[in-house]
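First comes the structure, then the notes that go with it.
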There are 2 protein chains.
Amino acid sequence: MKYFTNACPAPGAGLILPRVKKSGRIIIPRKTIYRLSIYLRCLARLKENGLDTVSSEALAKAAGVKPTQLRKDLACFGTFGTRGLGYDVTELSSRIADELGTSRLQPVILVGVGNLGLALLSYRGFEKEGFEIIAAFDANPRRPRNKQIAQPILGMDVMPKFIAEHGVKMAILSVPAPSAQEVANHLVECGVAGILNFAPIVLTVPEDVMANNVNLAIELENLSYFIRE
Amino acid sequence: MKYFTNACPAPGAGLILPRVKKSGRIIIPRKTIYRLSIYLRCLARLKENGLDTVSSEALAKAAGVKPTQLRKDLACFGTFGTRGLGYDVTELSSRIADELGTSRLQPVILVGVGNLGLALLSYRGFEKEGFEIIAAFDANPRRPRNKQIAQPILGMDVMPKFIAEHGVKMAILSVPAPSAQEVANHLVECGVAGILNFAPIVLTVPEDVMANNVNLAIELENLSYFIRE
DNA sequence: AAGCGTTTGTGAAATATTTCACAATATTTC
DNA sequence: GAAATATTGTGAAATATTTCACAAACGCTT
């Protein structure tokens, strides 16, 4: 049986991989964390289809990896399978969700309400995944006409207060490249610990802050390399 | 000097890494390809700032990697530096662009004009990176009110003809998850060789087709893991 | 044109990740 | 309840990637 697929995760996930250092906890490789998210989504689909248990072979196939890799990934934080049978779908889901820290709803803010920022605001895909964009900020906070945006769009000046009051730990950064580093610094000062960066620059952040980059142009460029004949 | 940064590339980039098999050409690791894209963007910024030459140390710092890694990456496809001086910014840019296949403009189509698809259509960031979304397709191709979309929005039925006529090799897939695999199959049949998939499922595609995934929820989930205290 | 200071390019070492192979252990069948 | 079947968990091997260390090569200065 072949498990090969050309599918690969989103763009940035493989570039710079600082070691995962969690004081007192077992180190889980960065790539494993990404795969855990994928397993979680596959498990959700299996549950919808009424399956109670799943083997590593079946789940691995759904996730596009090899069964041994799946088992090694899970071994990083416990053993929950039943030999001869497989994994309990519900139990495995909740253990992975616990491990990822997504078992509770995370408030997220968005900074930079331009073209892309606006699109992300109106995108409803986050909610059912445990995240909610609760507000947006922009240097020029005018509400766009003709758009059904549920979230308030606020000025940058009220951002520190808002972050503190709502305990915001994660931000989506969709400002233009030239101001991205400056805004990121501002976010870090306010206590934000995770930044999802859409600006096409390499952010420099303190060691205890995590910045993930999503760069659509780089994704396309990557494709264009592989499709050359 | 420290080069450490928590910045990392977009989500999917590191999960499943099939070996790069290019008949007759030297194998370049997938991660190297991603970094080449980053170097290219850093070089563009350096050129804007009027620099003619750059050392591996300076460029690596800008890209958030170590100098040795940058040199090893470049060594995959030639030697262009001048010892004691560094690299010629313009020459290195064009060599990398050649290698990535972005020296010429690539026509791209978008399939699935929902919330996210619409956002990507109105996003102007691709053009200056060598890509142009020349048309969009949707099962229900109505033109959105109140939106300045330059591209035609066409029905799925005319897609095969369009792809053939315009020599389209790359597609952005932003349809809902349940229909993503089916549409992907359709694209592959039409001759599309590279798919940038925004649907939250693992696409199965033939070996000679490349599918890169961008999953914003997974990116957020990844952040949430690292910011747990 | 010789010497000095810099910076590349690269073999080798170190590290990380994936895959293999199989023992251990459960379920199912008869 | 014993045998057959299935599937996990994991040490070890294989593979891949990153980093080191340094020789080679160039520009610049005098």
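Here is the naming used below: chain letters follow the sequence lines, and residue numbers restart at 1 for every chain. Just the heavy atoms: all of them, side chains too, but no hydrogens, waters or symmetry mates, feed the values below.
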(request) Go through the structure and list residues passing ring pair (Phe, Tyr, Trp, His ring centres under 6.0 Å) with A:Tyr39, not counting sequence neighbours. (result)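 Testing A:Tyr39 for ring pair (Phe, Tyr, Trp, His ring centres under 6.0 Å), a comparison that skips the adjacent residues, returns none.
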(message) Quick check on D:dT19: is either OP1 or OP2 less than 4.0 Å from any side-chain nitrogen or oxygen of B:Thr68?
(response) no
(message) Please confirm whether the shortest side-chain N or O distance from A:Arg71 to OP1 or OP2 of D:dT8 is below 4.0 Å.
(response)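 True: A:Arg71 side-chain N/O within range (under 4.0 Å) of D:dT8 OP1/OP2.
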(request) Provide the full list of salt bridge (Lys or Arg N to Asp or Glu O under 4.0 Å) pairs with a residue in residues 77-98 of chain B, sequence neighbours left out, each pair given once. (result) none
(request) Check DNA chain D against residues 80-88 of chain B and give the residues with a non-hydrogen atom under 4.0 Å, in numerical order. (result)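 Correct list: B:Thr82, B:Arg83, B:Gly84.
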For [X] and [N], what is the distance between atoms [atom1] and [atom2] respectively, to the nearest whole Å?
{"X": "B:Arg30", "N": "C:dT18", "atom1": "CZ", "atom2": "C1'", "result": "16 Å"}
{"X": "B:Lys66", "N": "D:dA21", "atom1": "NZ", "atom2": "P", "result": "11 Å"}
{"X": "A:Ile28", "N": "C:dT17", "atom1": "CD1", "atom2": "P", "result": "12 Å"}
{"X": "B:Gln69", "N": "D:dA21", "atom1": "CD", "atom2": "P", "result": "17 Å"}
{"X": "A:Tyr34", "N": "C:dT18", "atom1": "OH", "atom2": "P", "result": "14 Å"}
{"X": "B:Lys31", "N": "C:dT15", "atom1": "NZ", "atom2": "P", "result": "16 Å"}
{"X": "B:Leu70", "N": "C:dT10", "atom1": "CG", "atom2": "P", "result": "14 Å"}
{"X": "A:Lys72", "N": "D:dG9", "atom1": "NZ", "atom2": "P", "result": "11 Å"}

(message) When you compare the side chains of B:Ser37 and A:Glu221, does any donor N or O come within less than 3.5 Å of an acceptor on the partner?
(response)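 There is such a pair (donor and acceptor under 3.5 Å, judged by atom type) between the side chains of B:Ser37 and A:Glu221.
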(message) Quick check: closest heavy atoms across A:Val175 and A:Ala180, and the distance to 0.1 Å?
(response) CG2-CA, 3.5 Å
(request) Looking only at non-hydrogen atoms, find the nearest pair between B:Ala63 and B:Ile38 and report the distance. (result)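 Distance-wise, the nearest heavy atoms are CB-CG2, 3.8 Å.
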(request) Any chance you could lay out the side chain to side chain donor-acceptor pair (under 3.5 Å) test for A:Asn212 and A:Asn197, step after step, and finish with the verdict? (result) CA-CA 6 Å; A:Asn212 279 5; A:Asn197 174 43; over 6 Å; no
(message) If you take any heavy atom closer than 4.0 Å to DNA chain C, which residues from residues 47-55 of chain B end up in contact?
(response) B:Ser55
(request) Identify all stems in which DNA chain C takes part, counting only runs of at least 3 consecutive pairs (Watson-Crick or G-U wobble, each distance under 3.5 Å), and give each as one range with another, ordered by first number. (result) C:1-30 with D:1-30
(request) Sort and list the pairs that fulfil side-chain hydrogen bond (donor to acceptor under 3.5 Å, both in side chains) and have at least one residue in residues 169-183 of chain A, not counting sequence neighbours. (result) A:Gln181-A:Asn185
